[in-house]
Structures are given as structure tokens and as C-alpha cells.
Amino acid sequence: QVKLVESGGGLVQPGGSLRLSCAASGSSVSPSVMDWYRQTPGNQREMVAFVTEGGMKNYASSVKGRFTVSRDNVINTMYLQMDDLKPEDTAAYYCHALIAGHDYWGLGTQVTVSS
């Protein structure tokens, strides 16, 4: 059974940094795409960044230049380095993976940016 587990969320002051991790397990096939989404109460989930198995990356305009997505295909783990965090980055962050045509989601990790 495929499982995605996020970690690394927490409370940070504006201008600070956090690093999120998403570990995928339970599949013999490497995810073709892994991405980060975030969601605030009452709003739709929005894509933050994605990275393909081949290393292609893209970012939402709101985080470009501040966030960096990466992945380690050997251990099927994706990372999101978040720098210069702003209060508007406060959200639950979710990991998503596309594996053999199926979508999988993690349970999320909360990021709160506040002084």
C-alpha cells in the first residue's frame, strides 16, 4: 500500500525558513511526479511546486525565488526548502505523488508563519 508521509512543518517567524519532507513508500515504481500543495481554511488546495522523476521543476508564482523543490529518487523522498517565509504562506502543506497513473496524498503538515 502506497503511503506518503510529510514532516518538517511548524511555527516560524516571518523571514524564517523551514524544510518539508515527503517520504513515499509501498511502491516498487518511482513516482513520475511529486508535488506540494497547500490549503487554508475555506480555500481550494493550490499547487506550490512540482518535480518530475527526470528533474523538471515548476513553482507557483507566489513562491518562485523563495521555495526550492527537490527529490531523491533513490529513497523516493521529496523536499521543499522554504526561505523568506511570509504570513501568507501559512497553510497546511500536502504532498502528492503520481505513481503508475494513480494519485496519492499525504495527510499534510501545518506551516504557520507568525511573529
Side-chain angles (χ1 to χ4, degrees):
Q1 183 177 358
V2 175
K3 191 175 179 183
L4 302 179
V5 178
E6 303 100 334
S7 60
L11 173 64
V12 64
Q13 292 187 343
S17 298
L18 281 176
R19 189 193 195 209
L20 305 183
S21 299
C22 170
S25 62
S27 173
S28 60
V29 178
S30 184
S32 55
V33 180
M34 296 185 78
D35 32 24
W36 290 99
Y37 283 74
R38 65 187 182 187
Q39 186 173 25
T40 52
N43 292 305
Q44 287 189 330
R45 202 168 285 191
E46 64 168 353
M47 194 276 291
V48 176
F50 75 77
V51 55
T52 68
E53 189 176 8
M56 185 171 63
K57 304 175 184 181
N58 202 7
Y59 300 89
S61 57
S62 58
V63 306
K64 200 170 288 186
R66 300 186 298 120
F67 290 10
T68 303
V69 66
S70 61
R71 65 186 277 181
D72 184 333
N73 290 332
V74 175
I75 58 174
N76 284 335
T77 299
M78 175 178 61
Y79 306 95
L80 185 68
Q81 177 66 40
M82 305 186 293
D83 298 317
D84 190 23
L85 281 160
K86 306 177 186 299
E88 52 263 40
D89 295 318
T90 296
Y93 284 71
Y94 296 89
C95 172
H96 167 264
L98 181 64
I99 302 174
H102 296 278
D103 293 292
Y104 298 93
W105 291 90
L107 296 179
T109 185
Q110 179 66 34
V111 171
T112 302
V113 185
S114 176
S115 55

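Note that this is a predicted model, so its numbers are computed, not measured.
- Surrounding CD of Glu88 are more than 12 heavy atoms belonging to other residues, nucleotides or ligands, all under 6.0 Å away.
- The two atoms that bring Ser30 and Asn76 nearest to each other are OG-OD1, 3.2 Å, heavy atoms only.
- Phe67 pairs with exactly one of Asp83, Leu20, Leu85 by the side chain to side chain contact (heavy atoms under 4.5 Å, CB included) rule, that one being Leu85.
- Taking every heavy atom of both residues into account, Val2 and Ser27 meet most closely at CG2-CB, 3.8 Å.
- When hydrophobic residues (I, L, V, M, F, W, Y) are linked wherever their side-chain heavy atoms come within less than 4.5 Å, Val5 remains an isolated member.
- For the atom pair Leu4 CG and Thr77 OG1, the distance stands at 10.0 Å (nearest 0.5 Å).
- Every residue meeting the salt bridge (Lys or Arg N to Asp or Glu O under 4.0 Å) condition with Lys86, not counting sequence neighbours, appears here in chain and number order: Asp84.
- In this structure, the side chains of Trp36 and Met82 stay at 4.5 Å or more apart for every pair of heavy atoms.
- Side chain of Gln39 to main chain of Ala91: no donor-acceptor pair is present (N/O by atom type, distance under 3.5 Å, no hydrogens or angles).
- Sorted by first and then second residue, the disulfide (SG to SG under 2.5 Å) pairs involving residues 8-115 (not counting sequence neighbours) are Cys22-Cys95.
- Among residues at least two apart or in separate chains, there is no salt bridge (charged side-chain N to carboxylate O under 4.0 Å, His left out) pair with a member in residues 49-64.
- Atom CE of Met47 is separated from atom OH of Tyr59 by 10.5 Å, given to the nearest 0.5 angstrom.
- His96 contributes atom NE2, which lies 5.5 Å from atom CG of Asp35 (distance to the nearest 0.5 angstrom).
- Scanning for salt bridge (Lys or Arg N to Asp or Glu O under 4.0 Å) contacts around Arg19 gives an empty result, with sequence neighbours left out.
- Judged purely by atom type and a 3.5 angstrom limit, Ser32 uses its side chain to pair as donor or acceptor with the backbone of Leu98.
- Side-chain N or O atoms of Thr109 include none that pairs as donor or acceptor with a backbone N or O of Tyr93 at under 3.5 Å.
- Here disulfide (SG to SG under 2.5 Å) pairs that include residues 36-80, with residues two or more places apart or in two chains, number zero.
- Between the side chain of Gln13 and the backbone N or O of Ser115 there is no donor-acceptor pair closer than 3.5 Å.
- Taking all atoms of both residues into account, the shortest heavy-atom contact from Thr90 to Gln110 is CG2-NE2, 4.0 Å.
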